Amino acid sequence: MAQPSITLFNTLTMQKEPLVPTEPGAVRVYVCGPTVYSYIHVGNARTFTSFDVVVRYLRYQGYRVTYVRNYTDVDDKIIKAAHETGEDPVALAARFVEIFREDARALHMQEPDVSPKVSEHIPEIIRIIEKLVERGVAYESQGDVYFSVSRYPEYAKLSKRNLDDLRAGERVQPGEQKHEPLDFALWKAAKPGEPAWDSPWGKGRPGWHIECSAMSARYLGESFDIHGGALDLIFPHHENEIAQSEAASGKRFAKYWMHCGFLDIEGAKMSKSLGNVVRLRDALAKVDAEALRLFFLSTHYRHPLDFSDKAIADAEQRMEYFYETLRKVDEKVAGKDFGKGPLHGEPGRFLKEFEAAMDDDFNCAGALGGLSGLFGLMNELVDKPPVKDKALVGRTLQALREDVRKVSGVLGLFEDDPGQWLLRRRERAVRERGIDVAEVERLIADRNEARKAKNFAEADRLRAELKSKGVEIMDTAGGTTWKVAPPAAETA
RNA sequence: GGCGCCAUAGCCAAGUGGUAAGGCAAGGGUCUGCAAAACCCUCAUUCCCCGGUUCGAAUCCGGGUGGCGCCUCCA
């Protein structure tokens, strides 16, 4: 197999590098999953969608991928949330794991190969902490165990921080027994009412970062290929993972570090204090899942992205164009046999362009740009073929449609049946706008009567009446169809 | 203060040394009884500003200006 030439930007080196997996033909990927204390928001969704596509593309290029994305189900935030609701922390976490699964499925994300939970890997975590203590890079202090940053000379190589500066800004939390302010907890002594496990240091629970070191080692080995997360995890989370893992194993931890940019909301940083956090489920109640994916993928994954009503509406409109095109293509060529023979033009070039863009640090935005040509050609071949040979046109459309399916499998777009998608979208719009379908159909029937009688004044009046209700009608060869006009078309 | 990112048309956005993808919006056209959809055409001599390197820079270097992120939990 010719090895594909994927390059990716590595946060560790701050450069694009060719992907050279440790084991030829196989890529091992670890992505920091959600801390399950609440519903995920659209920012989380963007990150996970980005890596969903990374993994899909690696597989598309023939790599055997092992994709691990954890659930952090033991954590301060969970304990706090459980305290507020009076729920048991373990039960609350389990509940949000299920909610996350539903959300991920709703956004058409593929399941990782392994989705380990912290609570089920305490022995592995204890073992790695023991190893760090044995090696003298971690120490116990009144039931807590801390990692000694000064014992790991390469600390801060990922975030490129200066240790003295970090020390200047660091504060020891009350109750912590660190030797040095930068040291961080591997194990926390149990406090009353917290989930706790037995350990060589007494009852307690893991610190925040160690779970990723333990679980990635368990499922991917001590050295693996790609480790991902959002930008804010670079420091301290990923930095600490590197320190723990490399100090414990003596081997290089992850080879490539990929970090996803932030999602803003209407130009502002999403934050609880601003009160502008948008839950994924709330977004999905308003916008089609694939339209949301399209929106995420239309900007490079490392760049900031602004979530806004306009951007979402644009994405949804674009999805409608894509699906409308696919519907027409399927109507014309699905399941038909046009025999063997040449194709019109050079249809294969679109897939090549797509791959070239994706090879370049998973440039989905660039890849999407190339799709315009593909869809434009399909529309042209359906509506006004430049050549008379129907078999030639049919074959070409089928080839193009096949390429769309390939792209589909990578981006997680156009996975629905076009007719179904369009119908669902219309039904949602009908609900949102309170449109009376029976009345719409009656008016259309009346209009067609008028048209048959050549009473075009009346026909136009009925068209205008429908339009005023937010309904646009289309006279096609197969009869009159209708759709709900986008809200933007109305005068506000 | 430290580390880092970004700045491309009215808007969104790709492009990181070879002479500006794509989308939306806008204008014109084909089609249509009229429309819608679709397709075609037009729409940045120019990529925040000033220097420099180069035969050649939106792309590299230096200096500005303006946004933003991380440095505490954060996807």
Side-chain angles (χ1 to χ4, degrees), chain A residues 11 14 16 31-35 37 40-51 75-77 80 156 158-166 168-171 173 208 228-237 239 259-264 267-272 277 294-295 298-300 302-306 308 310-311 313-315 317-318 320-321 324-325 328 353 357 360 363-373 375-386 447 450-451 454-457 459-460 463-464 466-467 471-476 480-483 485 488-489:
Chain A
T11 308
M14 295 302 283
K16 272 188 205 172
V31 172
C32 289
T35 299
Y37 67 104
I40 61 161
H41 57 242
V42 284
N44 299 301
R46 185 220 182 163
T47 300
F48 296 134
T49 301
S50 298
F51 288 107
D75 177 87
D76 291 348
K77 289 195 290 293
K80 186 163 171 273
L158 182 69
S159 57
K160 284 101 187 148
R161 297 271 155 82
N162 175 303
L163 280 190
D164 290 329
D165 291 334
L166 284 173
E170 193 66 23
R171 275 187 315 230
Q173 296 293 316
W208 173 33
L231 273 178
D232 56 338
L233 293 183
I234 295 174
F235 189 90
H237 185 57
E239 200 68 75
H259 291 97
C260 200
F262 280 113
L263 183 86
D264 289 338
K269 181 187 157 102
M270 176 164 39
S271 74
K272 280 180 191 157
V277 175
L294 178 67
F295 162 70
S298 62
T299 295
H300 189 94
R302 281 189 282 116
H303 293 180
L305 175 61
D306 191 26
S308 67
K310 183 185 181 300
D314 286 353
Q317 185 186 328
R318 190 67 179 152
E320 183 174 73
Y321 166 81
E324 199 63 73
T325 305
K328 286 191 285 189
E353 281 172 23
D360 182 12
N363 185 354
C364 296
L368 248 13
L371 253 40
S372 295
F375 279 79
L377 179 56
M378 287 197 292
N379 272 121
E380 186 189 0
L381 290 173
V382 169
D383 287 339
K384 46 193 69 138
R447 176 171 164 278
R451 288 173 72 214
K454 301 269 190 247
N455 185 354
F456 293 124
D460 288 350
R463 175 191 286 286
L466 283 158
K467 178 95 181 181
V471 173
E472 267 178 17
I473 53 177
M474 290 82 74
D475 297 322
T476 71
T480 301
T481 61
W482 62 279
K483 67 172 187 176

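Both backbone and side-chain heavy atoms feed into the values below; hydrogens, waters and symmetry mates do not. From a predicted model like this one, the values you see are computed outputs, not experimental measurements.
As the counterpart of B/rA44, no nucleotide is assigned, since no Watson-Crick or G-U wobble pattern has both distances under 3.5 Å. With both pairing distances under 3.5 Å, B/rA38 is matched to B/rU30 as a Watson-Crick or G-U wobble pair. In a base pair of the Watson-Crick type (N1 to N3 plus N6-O4 or O6-N4) or a G-U wobble (N1-O2 and O6-N3), with each distance short of 3.5 Å, B/rC70 is matched with B/rG2. Shown here, B/rC55 forms a base pair with B/rG18; the pair counts as Watson-Crick or G-U wobble because both key distances fall under 3.5 Å. Searching all strands for a Watson-Crick or G-U wobble partner of B/rG62 with both distances below 3.5 Å returns B/rC50.
Between the P atoms of B/rA9 and B/rC50, the separation comes to 16 Å (whole Å). Spacing between B/rU45 and B/rA20 at atom C1', rounded to whole Å, works out to 10 Å. The gap from the C1' atom of B/rG64 to that of B/rC12 amounts to 28 Å, rounded to the nearest Å. If you take atom P in B/rA7 and the same atom in B/rG15, they sit 10 Å apart, rounded to whole Å. Taking the C1' atom of each, B/rC39 and B/rG4 are spaced 46 Å apart, rounded to whole Å. Comparing B/rU72 with B/rG63, their C1' atoms sit 34 Å apart, to the nearest whole Å. On the C1' atoms, B/rA57 is 9 Å away from B/rG18, given to the nearest whole Å.
Counting any heavy atom pair closer than 4.0 Å across all strands shown, A/Leu233 reaches sugar-phosphate atoms only and no base atom. Nucleic acid contact class of A/Leu263 (heavy atoms, under 4.0 Å, all strands): base. Among the atoms of the strands shown, only primed sugar atoms or phosphate atoms (P, OP1, OP2) are found under 4.0 Å from some heavy atom of A/Gly376. Among the protein residues, A/Arg46 comes within range of no part of the nucleic acid, since none of its heavy atoms lies under 4.0 Å from any strand. Residue A/Lys454 is out of contact with every strand shown, counting any heavy-atom pair closer than 4.0 Å. Within the nucleic acid shown, A/Phe51 has no heavy atom closer than 4.0 Å to any nucleic acid atom. As judged by a 4.0 angstrom heavy-atom cut-off over every strand, A/Leu371 is placed among residues making no nucleic acid contact. Within 4.0 Å of A/Met270, counting heavy atoms only, lies at least one base atom of the nucleic acid.
Evaluation of the side chain to side chain donor-acceptor pair (under 3.5 Å) rule for A/Asp75 yields no partner, not counting sequence neighbours. Residues meeting the salt bridge (Lys or Arg N to Asp or Glu O under 4.0 Å) test with A/Glu320, sequence neighbours left out: A/Arg425, A/Lys483. Among residues two or more places apart in sequence or in another chain, the salt bridge (Lys or Arg N to Asp or Glu O under 4.0 Å) test is passed with A/Asp232 by none. With sequence neighbours left out, the salt bridge (Lys or Arg N to Asp or Glu O under 4.0 Å) criterion links A/Arg451 to A/Asp475.
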Polar-atom pairs under 3.5 Å, protein N or O versus N or O of nucleotides 28-32 of chain B: list them with distances, or write none.
none

List, with names and distances, any nitrogen or oxygen atoms from the protein found under 3.5 Å away from nitrogen or oxygen atoms belonging to nucleotides 13-15 of chain B.
unit_1 : atom_1 : unit_2   : atom_2 : d
B/rA14 : OP1    : A/His300 : N      : 2.8
B/rA14 : OP1    : A/His303 : ND1    : 3.3
B/rA14 : O3'    : A/Asn363 : ND2    : 2.7
B/rG15 : OP1    : A/Asn363 : ND2    : 2.8

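Side-chain polar atoms of A/Ser50 and A/Arg302 form no donor-acceptor pair below 3.5 angstrom.
RNA chain B is contacted by both A/Thr325 and A/Ser159; A/Ser159 maps to the nucleotide lying nearer its 5′ end (nearest heavy atom per residue).
Residue A/Lys77 places at least one side-chain N or O under 4.0 Å from the OP1 or OP2 atom of B/rC74. Contact annotation: A/Lys310 side-chain N/O to B/rG10 OP1/OP2 distance is not under 4.0 Å. For the pair A/Gln317 and B/rA25, the criterion of a side-chain N or O lying under 4.0 Å from OP1 or OP2 is met. Contact annotation: A/Tyr321 does not reach the phosphate of B/rA36 (side-chain N/O to OP1 or OP2, under 4.0 Å). An OP1 or OP2 oxygen of B/rC3 is reached within less than 4.0 angstrom by no side-chain nitrogen or oxygen of A/Asn162.
Interface remark: the A/Arg463 side chain does form a donor-acceptor pair with the B/rC34 base, using a distance-only criterion of under 3.5 Å. A donor and an acceptor atom never sit less than 3.5 Å apart when one is taken from the side chain of A/Arg318 and the other from the base of B/rC24. The base of B/rG33 sits with one of its N or O atoms less than 3.5 Å from a complementary donor or acceptor on the side chain of A/Arg447.
The distance from atom CH2 of A/Trp482 to atom C1' of B/rA36 is 15 Å, rounded to the nearest whole Å. Rounded to a whole Å, the CZ atom of A/Arg161 is 9 Å from the P atom of B/rG4. Nucleotide B/rC40 holds its P atom 13 Å from the CE atom of A/Met378, rounded to whole Å. Going from atom CD of A/Glu320 over to atom C1' of B/rC24 covers 14 Å, rounded to whole Å. What separates CG of A/Asp264 from P of B/rC74 is a distance of 19 Å, to the nearest Å. The interatomic distance linking A/Met14 (CE) with B/rC70 (P) rounds to 16 Å, in whole Å. Distance A/Asp460 CG to B/rG33 P: 12 Å, rounded to the nearest Å. Rounded to an integer number of Å, the gap from CZ of A/Phe375 to P of B/rG22 is 16 Å.
Side chain of A/Asn363 to main chain of A/Ala357: no donor-acceptor pair is present (N/O by atom type, distance under 3.5 Å, no hydrogens or angles).
One finds a salt bridge joining A/Asp314 and A/Lys310 here, because a Lys/Arg side-chain nitrogen approaches an Asp/Glu carboxylate oxygen to under 4.0 Å.
Distances from the side chain of A/Asn44 to the nucleotides B/rC24, B/rA75, B/rC39 place B/rA75 closest. The nucleotide whose nearest atom lies closest to any side-chain atom of A/Lys160 is, among B/rC3, B/rG23, B/rA75, B/rC3. When distances are taken from the side chain of A/Asp232 to each of B/rA75, B/rG22, B/rA37, the shortest belongs to B/rA75.
Counting heavy atoms from C-beta on, the side chains of A/Leu294 and A/Leu368 come closer than 4.5 Å. Contact annotation: the side chain of A/Leu263 never approaches that of A/Pro304 to less than 4.5 Å [non-hydrogen atoms, C-beta and beyond]. With a 4.5 Å cut-off on side-chain heavy atoms, A/Tyr321 and A/Asn379 count as touching.
Stacking of A/Lys269 on the aromatic ring of A/Phe262 is recorded, both the 6.0 Å distance cut-off and the 45° axial limit being met.
Counting non-hydrogen atoms of other residues, nucleotides and ligands closer than 6.0 Å to NZ of A/Lys160 gives a total above 12.
Distance NE2/A/His237 to CG/A/Leu158: 11.0 Å, rounded to 0.5 Å.
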